[in-house]
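So you know, we letter chains A, B, ... as the sequences are listed, proteins then strands, and number each from 1. As the structure is a prediction and not an experimental result, all values here were calculated from the model.
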Protein chains: 2
Amino acid sequence: MEAKQECFVEKLNHSDCAKSLLPVRDALDALNGKWKLQIVISLMFGNKRFTQIAKEIPNITDKMLSKELRDLEAHQLVKRTVYDSIPVVVEYTLTEHGRSLRDLIDVLRSWGIKHRNQVMGKVEASEAEEVEA
Amino acid sequence: MEAKQECFVEKLNHSDCAKSLLPVRDALDALNGKWKLQIVISLMFGNKRFTQIAKEIPNITDKMLSKELRDLEAHQLVKRTVYDSIPVVVEYTLTEHGRSLRDLIDVLRSWGIKHRNQVMGKVEASEAEEVEA
DNA sequence: CAGTATCCTGCACGATACTG
DNA sequence: CAGTATCGTGCAGGATACTG
């Protein structure tokens, strides 16, 4: 068995396993659902207002956007700021913590590309899949 | 070209965005559902037979285990091997590709731990609180 | 503009029984 | 042992209407 870098799996017995799975679940849950990922990515392009986000995400309903934003806020990934103007302006921002999703998403994306190539049968060029310019 | 660190998001406009999201979705989908993660982790401890896996994952039903294993097999993450003994023995194995989930899961886990600390209010000294207007 | 309030539908998942 | 087959349910998510 090859000794990879410190994979937590290596150190655990089965009863520990369920517990050590929890953080993984937490991470997955944070991006859970049909829309959170798109919302987060959208906010990586800059702070947005409710309607702006809605316009950028095809087919999302107000209800879902509202709900997902509240979820993201509860998870401290997104900050909601109300400006007391007339009419009221509400701005959504990624928190510092929310911005930390970037690296995670990049890792997911890299694996996803590998995965797609694998399933498509292209196994040869494993490293040649950088984003094309 | 060492720029491994930079986020793909930086380079994209919004219309590209949806497309670049697909691999991320692929990755998330590969671990989608209530049981896949546990099954994969279970197989990281060694090759297993159907009933063995079932015993290690509390509350999973035969139906769900069967279905999820078929999903994982379709995604080439798990290999199913039938040994022609009597009675028949079926062994489940992680493929090389399936083993590549290890690093991904570790990254998810790391972020998950950070996330939990963040939400619990324990912000490490390494990271300043992001409260400001 | 920035959302709620209702109502509805499909599908993920569960319970239980059966089989080669 | 290694699974199907059937039936049932909750809830994520959608459609549409309404509001301060």
Side-chain angles (χ1 to χ4, degrees), chain A residues 18 21 24-43 46-75 77-94, chain B residues 18 21 24-43 46-75 77-94:
Chain A
L21 234 93
V24 185
R25 203 107 256 166
D26 287 344
L28 259 10
D29 286 350
L31 292 177
N32 201 3
K34 192 171 174 180
W35 304 107
K36 290 198 186 67
L37 195 60
Q38 285 174 82
I39 295 171
V40 167
I41 299 274
S42 164
L43 289 176
N47 307 341
K48 302 271 168 64
R49 292 159 63 178
F50 188 89
T51 314
Q52 272 182 291
I53 305 175
K55 265 195 289 227
E56 285 175 14
I57 302 182
N59 300 323
I60 195 170
T61 61
D62 287 354
K63 175 192 158 188
M64 286 314 293
L65 180 53
S66 172
K67 179 194 166 290
E68 300 289 65
L69 281 170
R70 262 183 277 118
D71 283 2
L72 291 166
E73 207 191 343
H75 283 213
L77 297 166
V78 161
K79 180 155 160 256
R80 179 181 186 267
T81 311
V82 181
Y83 293 102
D84 244 3
S85 51
I86 298 177
V88 146
V89 167
V90 181
E91 191 181 61
Y92 290 94
T93 319
L94 285 183
Chain B
L21 235 93
V24 186
R25 204 107 253 167
D26 287 343
L28 258 11
D29 287 350
L31 291 177
N32 202 2
K34 193 171 173 180
W35 303 108
K36 289 198 187 67
L37 194 61
Q38 285 174 81
I39 295 172
V40 166
I41 299 273
S42 163
L43 289 176
N47 307 342
K48 302 269 169 65
R49 292 159 63 177
F50 188 88
T51 314
Q52 273 181 290
I53 305 175
K55 265 194 288 230
E56 285 176 13
I57 302 182
N59 300 322
I60 196 169
T61 61
D62 287 354
K63 175 191 157 189
M64 286 314 294
L65 181 52
S66 173
K67 178 195 166 290
E68 300 289 66
L69 281 170
R70 264 184 277 119
D71 283 3
L72 291 168
E73 206 191 345
H75 283 213
L77 297 166
V78 161
K79 181 155 160 254
R80 178 181 186 268
T81 311
V82 182
Y83 293 102
D84 245 4
S85 51
I86 296 179
V88 145
V89 167
V90 180
E91 189 181 62
Y92 290 94
T93 321
L94 284 184

Output all residues satisfying side-chain hydrogen bond (donor to acceptor under 3.5 Å, both in side chains) with S66(A), sequence neighbours left out; order by chain, then residue number. R70(A)
OP1 or OP2 of dG3(C) less than 4.0 angstrom from a side-chain nitrogen or oxygen of R49(A), does that happen here? no
Counting just side-chain N and O atoms, does T51(B) come under 4.0 Å of either OP1 or OP2 of dA2(D)? yes
Whole-Å distance, L28(A) CG to dA12(D) P, equals 16 Å
What pairs with K36(B) under salt bridge (charged side-chain N to carboxylate O under 4.0 Å, His left out), at least two apart in sequence or on another chain? E68(B), D71(B)
Who pairs with K55(A) by salt bridge (charged side-chain N to carboxylate O under 4.0 Å, His left out), at least two apart in sequence or on another chain? none
What pairs meet the ring pair (Phe, Tyr, Trp, His ring centres under 6.0 Å) rule with one or both residues in residues 48-75 of chain A, with sequence neighbours excluded? H75(A)-H115(B)
According to a strict under-4.0 Å criterion, is R70(B) in side-chain N/O contact with OP1 or OP2 of dA2(D)? no
I57(A) CD1 - dG14(D) P separation (whole Å): 12 Å
Taking only residues two or more places apart in sequence, or in another chain, which ones meet R80(B) in a side-chain hydrogen bond (donor to acceptor under 3.5 Å, both in side chains)? Y92(B)
N/O to N/O distances under 3.5 Å, protein versus nucleotides 10-20 of chain C:
from: dC13(C); atom 1: OP1; to: K34(B); atom 2: N; distance (Å): 3.0
from: dG14(C); atom 1: OP1; to: K34(B); atom 2: NZ; distance (Å): 2.6
from: dG14(C); atom 1: OP2; to: W35(B); atom 2: NE1; distance (Å): 3.0
from: dG14(C); atom 1: N7; to: K63(B); atom 2: NZ; distance (Å): 3.3
from: dG14(C); atom 1: O6; to: K63(B); atom 2: NZ; distance (Å): 2.3

For the pair I57(A) and I53(A), evaluate side-chain contact (heavy atoms from CB on, under 4.5 Å) and give the outcome as yes or no after the intermediate values. CA-CA 6 Å; I57(A) 302 182; I53(A) 305 175; 3.8 Å; yes
Does Y92(B) reach a base, just sugar-phosphate, or nothing at all? Heavy atoms under 4.0 Å. sugar-phosphate
Scan the side chains in residues 24-34 of chain A for donor-acceptor partners under 3.5 Å anywhere in the protein, sequence neighbours excluded, and list what turns up.
from: R25(A); atom 1: NH2; to: G33(B); atom 2: O; distance (Å): 3.3
from: D26(A); atom 1: OD1; to: R116(B); atom 2: NH2; distance (Å): 3.4
from: D26(A); atom 1: OD2; to: R116(B); atom 2: NE; distance (Å): 2.7
from: D26(A); atom 1: OD2; to: R116(B); atom 2: NH2; distance (Å): 2.9

Only counting residues at least two apart or in another chain, list the ones meeting side-chain hydrogen bond (donor to acceptor under 3.5 Å, both in side chains) with E73(B). none
Euclidean distance, atom CG of residue L65(B) to atom P of dG3(D) [Å, nearest integer]: 8 Å
Does a salt bridge link K48(A) with E56(A), judged by any charged N lying under 4.0 Å from a carboxylate O? yes
side-chain N/O S66(B) vs dA2(D) OP1/OP2, d < 4.0 Å: no
Atom CD1 of I53(B) to atom C1' of dA2(D): distance rounded to whole Å? 11 Å
Intra- and inter-strand pairing of DNA chain D, written as dot-bracket with Watson-Crick and G-U pairs under 3.5 Å and | for the latter, reads ||||||||||||||||||||
